[in-house]
Amino acid sequence: MGNCTNRIIGVSIAVPEPYGSLIQQRRAGFGDPLAHSIATHVTLLPPTEVDEAVLPAFREHLELVAAAGCSFRMRLDGTATFRPLSPVVYVELREGAASCADLQERVRSGPVQRELQFPYHPHVTIAHCIAEEAMDLAQRELADFTASWTANGFSLYEQGPDGVWRKLYDYLFALGLAPVVPHQHSAGEGGSKGAGKSAAKGKGKGKGRTATSSTR
């Protein structure tokens with residue numbers, strides 16, 4: 001257990017609305033107790049315990065990473081699983097995976113250096129550590145889910161004592177291709193401290209099938 005000056009942080013790209021809430025609701029419906037503990041996302045830095053004295057330097061590092069970045073397209077399509085290696089079912093990232101892989105390497109190259117347990121594979125979790133039957137259901141139910149949008153940046157999150165992840169800061173890429181799409185609010189989140197502003201609204205319909213951002 002960490003001491004009182006340690007904090008648990010993570011960095012991720014949020015799946016924008018309406019897709020973020022839709023996936024979160026479906027995840028909760030499959031019985032995943034972690035569904036409402038974090039906004040739907042693609043991980044860049046997994047949960048990492050750090051001394052809070054490191055955070056100012058890490059935030060500066062993330063600003064530099066964002067300043068060197070450029071917006072890129074992301075597309076989710078279909079489901080897969082890490083089982084039996086890891087009890088996770090996820091939505092596949094079909095477009096933008098290479099950009100996420102490059103970005104996560106740069107995020108982990110600064111003051112917070114984190115070794116990965118498995119090779120990096122960007123994805124969106126829809127079921128984690130629940131009954132096998134429920135994970136099978138999640139993989140079937142969202143097999144035809146698709147969504148696409150333009151990623152304009154990433155965010156720094158912190159896990160609270162209650163296990164809920166809350167956004168601390170947004171980091172926008174210096175070179176943008178489209179307006180920023182709305183972010184999903186995580187549980188207990190009262191708004192970001194960062195500079196990111198929501199400017200475009202997505203469109204989507206159905207029970208979690210085809211959904212494409214209006215920023216195309």
Side-chain angles (χ1 to χ4, degrees), residues 1 8-49 74-97 100-101 104 114-149 151 154-155 157-167 182-189 202-213:
M1 187 173 183
I8 300 176
I9 61 169
V11 178
S12 64
I13 297 175
V15 174
E17 297 292 40
Y19 328 125
S21 289
L22 187 152
I23 292 176
Q24 188 178 56
Q25 290 163 8
R26 297 305 306 276
R27 182 174 177 177
F30 298 133
D32 191 331
L34 300 178
H36 294 292
S37 67
I38 187 169
T40 309
H41 66 283
V42 175
T43 298
L44 298 177
L45 175 73
T48 303
E49 187 172 357
M74 298 184 71
R75 180 170 62 88
L76 302 175
D77 187 4
T79 56
T81 182
F82 292 132
R83 296 178 290 173
L85 195 60
S86 180
V88 173
V89 172
Y90 59 91
V91 177
E92 290 264 30
L93 183 61
R94 301 291 187 180
E95 184 177 355
C100 286
Q104 63 88 27
R114 166 69 186 270
E115 294 296 326
L116 301 181
Q117 184 178 3
F118 302 106
Y120 182 71
H121 184 98
H123 64 279
V124 174
T125 298
I126 56 173
H128 180 228
C129 283
I130 57 177
E132 287 292 325
E133 295 80 2
M135 287 196 284
D136 290 340
L137 179 63
Q139 191 166 351
R140 290 195 307 270
E141 288 279 313
L142 292 179
D144 60 352
F145 177 87
T146 65
S148 60
W149 71 95
F154 54 88
S155 302
Y157 289 81
E158 178 180 13
Q159 186 181 42
D162 57 358
V164 174
W165 288 87
R166 296 174 176 85
K167 184 165 61 175
H183 278 200
Q184 177 189 2
H185 289 294
S186 57
E189 183 182 328
K203 297 179 181 179
K205 61 182 180 179
K207 190 182 177 184
R209 296 177 181 269
T210 301
T212 304
S213 170

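What you are looking at is a predicted structure, and each value in this text was computed from that prediction instead of being measured. We number each residue from 1, following the sequence as shown.
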Visitor: Please round to the nearest 0.5 Å and tell me the distance separating atom CG of Leu44 and atom OG of Ser155.
Guide: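 Here the rounded value is 9.5 Å.
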Visitor: How far does OG1 of Thr40 sit from CD1 of Ile13, to the nearest 0.5 angstrom?
Guide: 14.0 Å
Visitor: What residues form a side chain to side chain contact (heavy atoms under 4.5 Å, CB included) with Ala101, not counting sequence neighbours?
Guide: Tyr120
Visitor: When you compare the side chain of Met74 with that of Cys100, does any pair of heavy atoms fall below 4.5 Å?
Guide: yes
Visitor: Enter the distance from Ser21:OG to Arg26:CZ here, rounded to the nearest 0.5 Å.
Guide: 13.5 Å
Visitor: Using salt bridge (Lys or Arg N to Asp or Glu O under 4.0 Å) as the criterion, list what pairs up with Glu92, not counting sequence neighbours.
Guide: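 So Glu92 forms no salt bridge (Lys or Arg N to Asp or Glu O under 4.0 Å) with any residue.
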Visitor: I'd like to check the side chain to side chain donor-acceptor pair (under 3.5 Å) partners of Arg94; sequence neighbours left out, ordered by chain and number.
Guide: none
Visitor: Please tabulate, one pair per line, all N/O donor-acceptor pairs under 3.5 Å involving side-chain atoms of residues 124-132, not counting sequence neighbours.
Guide:
unit_1, atom_1, unit_2, atom_2, d
Thr125, OG1, His123, NE2, 3.4
Glu132, OE1, Arg83, NH1, 2.6

Visitor: Sequence neighbours left out, what passes salt bridge (Lys or Arg N to Asp or Glu O under 4.0 Å) with Arg114? Give chain and number order.
Guide: none
Visitor: Could you pull out all residues at least two apart from Glu95 that satisfy side chain to side chain contact (heavy atoms under 4.5 Å, CB included)?
Guide: Arg73, Arg75
Visitor: Taking Gln24 for the side chain and Ala35 for the main chain, is one N or O donor matched with an acceptor at less than 3.5 Å?
Guide: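 Here the side-chain-to-backbone pair exists.
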Visitor: With a 6.0 Å cut-off on ring centres, are His121 and Tyr90 close enough?
Guide: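 Yes: the rings meet the under 6.0 Å criterion.
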Visitor: Indicate yes or no: at least one non-hydrogen side-chain atom of Met135 is less than 4.5 angstrom from one of Thr81.
Guide: no
Visitor: What's the separation between atom CG in Leu45 and atom CG in Leu116, rounded to the nearest 0.5 Å?
Guide: 8.5 Å
Visitor: Over all heavy atoms of both residues, which pair between Pro47 and Ile8 is shortest? Give the atoms and the distance, please.
Guide: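 Here Pro47 and Ile8 meet closest at CB-CG2, 4.3 Å.
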Visitor: Please tell me if the side chains of Leu76 and Ile23 come closer than 4.5 Å, counting only heavy atoms from C-beta onward.
Guide: yes
